[in-house]
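First up is the structure itself, then whatever we jot down about it.
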Amino acid sequence: MNFIDLILARRSIRKFISDKTVDDEIIKTIIKCGMYAPSARNQRMWQFVVITNKELLNKIAELHPNAGMTKDCSFGILVCADMNLQKSDGFFQQDLGACVQNILLAVHSFDLGAVWTGVYPRQDRMNIFIDLFRLPQNIIPFAFIPVGYPNEQKEFPERFEEEKIHFECRR
C-alpha cells in the first residue's frame with residue numbers, strides 16, 4: 001500500500017482479536033516511528049509505557065471511560081510528556097499529537113488496528129495512569145493507544161470537503 005492510501009485507509013479500531021500477541025520488534029518499530037515525529041526545538045519530550053500485562057489492560061478498560069476495548073487488545077502504548085525535557089513552553093501537545101499520529105500510521109502499516117483514547121488534559125483520566133503506573137510528577141500522561149489485530153472492518157467514508165479549502169485571494 002502506498003503512503004497516501006495508508007493515510008486514507010487508517011481507521012480507529014475498537015474491536016480486537018483478543019488472543020493474538022504482537023512481536024516485540026514490531027512494537028519497538030511502531031514506537032520508533034513515533035519518535036521520528038517533528039518536535040519543537042527538537043525537544044522530543046516523549047516517553048512511552050508499553051502495557052502487555054492483561055491484568056493491567058483490564059484495569060485500564062475498567063477505569064478509563066472510553067477504553068473498554070483495551071480488555072481485548074494485544075498491548076497498549078501510553079504516550080507521555082517528560083516535562084524535564086521541555087525547551088519551549090506550550091508545545092508538547094503539538095509534539096505528542098504528531099507522535100501519536102505517526103504511531104497510528106505505523107500500526108496500520110503492520111495490518112494492526114489502534115484507537116487514540118484521550119487522556120490529557122482531563123485530570124481524571126490523567127490520574128488513572130499516574131496512579132496505576134506511579135508516574136513521577138514530571139511525567140504527564142498524554143494519550144493511551146490500545147493496539148491489536150483488528151476484529152472489525154471499517155468502511156471508507158468520504159471525508160474530503162473541498163469547500164473547506166481556501167486559497168489566498170486570487171483574481
Hey, what do you get for [atom1] ([X]) to [atom2] ([Y]), rounding to the nearest 0.5 Å?
X    : Y    : atom1 : atom2 : value
M1   : S109 : CE    : OG    : 9.5 Å
Q86  : F92  : CD    : CZ    : 7.5 Å
M69  : I60  : CE    : CD1   : 11.5 Å
L105 : H108 : CG    : NE2   : 8.0 Å
D19  : D72  : CG    : CG    : 9.5 Å
R122 : I128 : CZ    : CD1   : 9.5 Å

Quick check against the 3.5 Å criterion: does [X] have a side-chain atom that pairs as donor or acceptor with the backbone of [Y]?
X    : Y    : answer
N102 : C33  : yes
D95  : A40  : yes
R11  : E155 : yes

[X] with [Y], same ILVMFWY side-chain cluster at under 4.5 Å:
X    : Y    : value
L104 : L8   : no
F110 : V115 : no
V100 : L135 : yes
W46  : Y120 : yes
I145 : I17  : yes

Closest non-hydrogen atom pair between [X] and [Y], with its separation:
X    : Y    : answer
P146 : T70  : CG-OG1, 3.5 Å
Q47  : D82  : NE2-OD2, 3.4 Å
A98  : P38  : CB-CD, 4.0 Å
M126 : P141 : O-CG, 3.6 Å
I139 : C80  : CG2-CB, 3.5 Å
S88  : Q43  : N-OE1, 3.1 Å

Side-chain heavy-atom pair [X], [Y] within 4.5 angstrom cut-off:
X    : Y    : value
M45  : M83  : yes
I13  : K154 : yes
L57  : C73  : yes
N66  : R125 : yes
L96  : I140 : no
F129 : V49  : no
Q123 : I130 : yes
V22  : Y149 : yes

So with a 6.0 Å cut-off around [atom1] of [X], is the heavy-atom count from everything else above 12?
X    : atom1 : answer
E162 : CD    : no
K32  : NZ    : no
K15  : NZ    : no
F156 : CZ    : yes

Open item on the list: Could you walk me through whether L112 and I30 satisfy the side-chain contact (heavy atoms from CB on, under 4.5 Å) test, starting with their C-alpha distance in whole Å, then the side-chain angles of each, then the deciding distance to 0.1 Å, before giving a yes or no?
Closed with: CA-CA 11 Å; L112 296 167; I30 289 167; 4.1 Å; yes
TODO: Please work out which of the three classes, parallel, tilted or perpendicular, describes the rings of W116 and F142, given edges at 30° and 60°.
DONE: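 Ring orientation of F142 relative to W116: tilted.
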Task: From D24, I51, I27, residue fulfilling side chain to side chain contact (heavy atoms under 4.5 Å, CB included) relative to F75 - done: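 Among D24, I51, I27, the one meeting side chain to side chain contact (heavy atoms under 4.5 Å, CB included) with F75 is I27.
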Open item on the list: Between I31 and M35, is the side-chain contact (heavy atoms from CB on, under 4.5 Å) condition met? List the steps.
Closed with: CA-CA 6 Å; I31 293 174; M35 291 178 179; 3.9 Å; yes
